[in-house]
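Step one of this worksheet: look at the structure below.
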Amino acid sequence: MRASELFCPTLREVPSEAEVVSHQLLVRAGFIRKTTAGVYTYLPLGFRVIKKIEEIVREEMNRAGAQELLMPIIQPAELWQKSGRWDIYGDEMFRLTDRHDRYFALGPTHEEIITAIVDGDVHSYRDLPLLLYQIQNKYRDEIRPRFGLMRGREFIMKDLYSFDTDEEGLEISYKKMYEAYTRIYDRLNLKYRVVEADPGAIGGNESHEFMVLANNGESQIVYCDNCDYSANVEKAPCMAEEMQETDEEIHDLEKIHTPGQKTIQDIAERFAIPRRRQVKTLIYWADGELVAVCLRGDRELNEIKLKNILKCNQLFMADEQLVKQSCGAGVGSLGPVGMDLKVYVDLEVPAMKNFTCGANEDDYHFMNVNMGRDFVPEGVVDIRNAVEGDQCPVCRQGCLKTARGIEVGHIFKLGTKYSQAMGATFLDKNGQEKPMVMGCYGIGISRTMAAAVEQNNDENGIIWPLSIAPYQVIIIPVNNRKTEQMDTAEFIYKELRKRGIETIIDDRDERAGVKFKDADLIGIPIKITVGPKSLQANQVEVKKRWEDKVEMLDISTITEKVIDIINS
RNA sequence: CGGGGCGUAGCGCAGUUUGGGAGCGCGUCUGAUUUGGGAUCAGAAGGCCGCAGGUUCAAAUCCUGUCGCCCCGACCA
């Protein structure tokens, strides 16, 4: 490609709306442009990267025995009503009507469609297992699209759906996908971790997320420094901290006046009681019932764990007014002692001696509270977020570390949830009708592009991994009015193209600095500079985007050298 | 939806407090000189100041409404 003809509008300044580095660089380097909130146009270079990622995914899906198909984006409401998700999906689904006032959705995912298709045409165990996938735009009317491609309302996704006769079959399909995903992210050259995840609303039991590690990723993950355990914090179980049986004596309960002191921090400062010696109490609304949850003052509640424990559909923190009505005291003066609501305490609470908490009376707290003597909870449960330093729940030897990640892939065992709802059944060997056992496996293609940039950049711009770079090589004649430079550049350009190497020649009548800056910004992995100094020796300069080193090489060896780099 | 902020030239912004000339930098176009890390000089083009209504002799500026965008929270690949 000739830079003079390439549509790649680079920007010198950082667009004001871009917050994270991947968004800034993709816009600045001329890969994407926003069309409206959460919806982007992929310019030529951006589209090339997308296609490269898609191709790697496609190859690995096919290698795993899957078949690609294409499903509609516009989907009729009836299908969604059949699965029961028309109502559940809520505002996140883009909905539209046709001229006859019939309802449709812009597909946020395709379980309904694929299950209906398979239901229609697969009836025998002989036709299973079946692995079908699609790569296409999906739509979710996100509450808050953000971070450019990271969380869009229109995004490109690969989704594969597996259909098996039984759990064992599902296990095999799941494993296949797990391995395929590992190969994919290895080939994409991204640093990632596979973590245990909460399946969430999609249903099913087992689930793994593929997280590209990045400092401003949206997900928090924990991993063990001793074994290979890792999980999303949402999921990571917490152990009750080794109870150091202190000889501490149990003191008498004491009520203290604490006017205006509403936070753990207030009490910590006023009475010199460390946060870990206090208990905080949160009131939650769970499908209509209010419950109180208690945990150590320095801990964070994990709402997903709580939701799973309470087995409720809707869960949110009660507002001030609701708290006041039901507890007789405001937020900040609550505690388990004398609490009318059901009280759930975190695993750590039973071990705490003589702790401090609210007295369920405004401006009063209790000191020297002890579980058992002063109150009896409804349950002792794991409801806190794991934090750095916690004991590993698997090997029990190591300590948990934390990291942030971008969720680029997610695989689920769905079981028979959708096949039952949609009536996707088959006849087994004995002529018995059974629901198919399903799994679904997603990869955010456009998000992966953002994740790659998030992980591979420096102060000058993007550093594409060779496997997904829009072009592998850029040739820069320092001064294209010097014919010997241009001729050499053109010669190398032809040679490389002959060998099938994707190459840009920067034939623009620009100063060298401009070309260098643009080349770095758009992140082409291999840069070949043709300048007067090296030309005298019949050489050109070769530099890898991810290294500082510049190599001087004979023009005659350049093609082989480039091929070496690409294959290494 | 709750909280915060912003809409002025393609991009980044000043001007709005205290009403009266629509400006700056980058980019774009023309010409000249330049040509190894975002050149210099000279000239030029480019604006429903988000939109609608109101106040006023006069509105980018004040008032009302509305639309859009960004950030923080709940949601998620």
(message) Can you confirm whether or not the ring centre of A:F31 sits under 6.0 Å from the ring centre of A:W464?
(response)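 Here the rings of A:W464 and A:F31 have centres that are less than 6.0 Å from each other.
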(message) Suppose we call two aromatic rings close when their centres sit under 6.0 Å apart. Are A:Y178 and A:F210 close by that rule?
(response)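 For A:Y178 and A:F210, the ring centres are under 6.0 Å apart.
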Under 4.0 Å from OP1 or OP2 of [N]: is there any side-chain N or O of [X] that close?
X	N	value
A:K34	B:C70	yes
A:R144	B:C72	yes
A:T36	B:C69	yes
A:S16	B:C6	no
A:R146	B:G73	yes

Is [X] side chain donor-acceptor paired with the [N] base, going by distance under 3.5 Å alone?
X	N	answer
A:D518	B:G38	yes
A:K527	B:G37	yes
A:D520	B:G37	yes

Measure from the side-chain heavy atoms of [X] and tell me the nearest of [options].
X	options	value
A:E142	B:G36, B:C75, B:C71	B:C75
A:M157	B:A77, B:G38, B:U35	B:A77
A:R447	B:G38, B:A77, B:A74	B:A77
A:D509	B:C71, B:U35, B:C76	B:U35
A:I143	B:C75, B:G38, B:C70	B:C75
A:P532	B:G36, B:C71, B:A39	B:G36
A:R481	B:G38, B:U34, B:C69	B:U34
A:R28	B:C71, B:G25, B:G38	B:G38
A:F412	B:A77, B:U35, B:G36	B:A77
A:K533	B:U35, B:C76, B:G36	B:G36

May I ask you to check whether [X] and [Y] show a side-chain donor-acceptor distance below 3.5 Å?
X	Y	result
A:H410	A:Y441	no
A:Q539	A:D554	yes
A:Y418	A:R85	yes
A:D186	A:Y192	yes

Tell which nucleotide pairs with [N], taking only Watson-Crick or G-U wobble pairs whose two distances are both under 3.5 angstrom.
N	result
B:A14	none
B:G2	B:C72
B:U56	none
B:A9	none
B:U66	B:G50
B:U33	B:A39

Base, sugar-phosphate, or nothing: which does [X] touch, judged by heavy atoms less than 4.0 Å apart?
X	answer
A:Q485	nothing
A:E17	sugar-phosphate
A:F210	nothing

Identify each atom pair where a protein N or O and an N or O of nucleotides 27-29 of chain B are less than 3.5 Å apart, giving names and distance.
from  : atom 1 : to    : atom 2 : distance (Å)
B:G27 : OP1    : A:R12 : NH2    : 3.0

(message) By the definition side-chain contact (heavy atoms from CB on, under 4.5 Å), identify the one residue from A:T281, A:L334, A:L282 that meets it with A:V323.
(response)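 For A:V323, the side-chain contact (heavy atoms from CB on, under 4.5 Å) test succeeds with only one of A:T281, A:L334, A:L282, which is A:L334.
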(message) Restricting to ring pair (Phe, Tyr, Trp, His ring centres under 6.0 Å), what partner residues turn up for A:F94, sequence neighbours left out?
(response) none
(request) Fit a plane to each ring of A:H208 and A:Y174, take the angle between them on a 0 to 90° scale, and name the class: parallel (under 30°), tilted (30 to 60°) or perpendicular (over 60°). (result)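 Ring orientation of A:H208 relative to A:Y174: tilted.
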(request) Would you please determine if the base of B:G36 is stacked by A:F516, with stacking meaning a centroid separation under 5.5 angstrom and planes under 30 degrees? (result) no
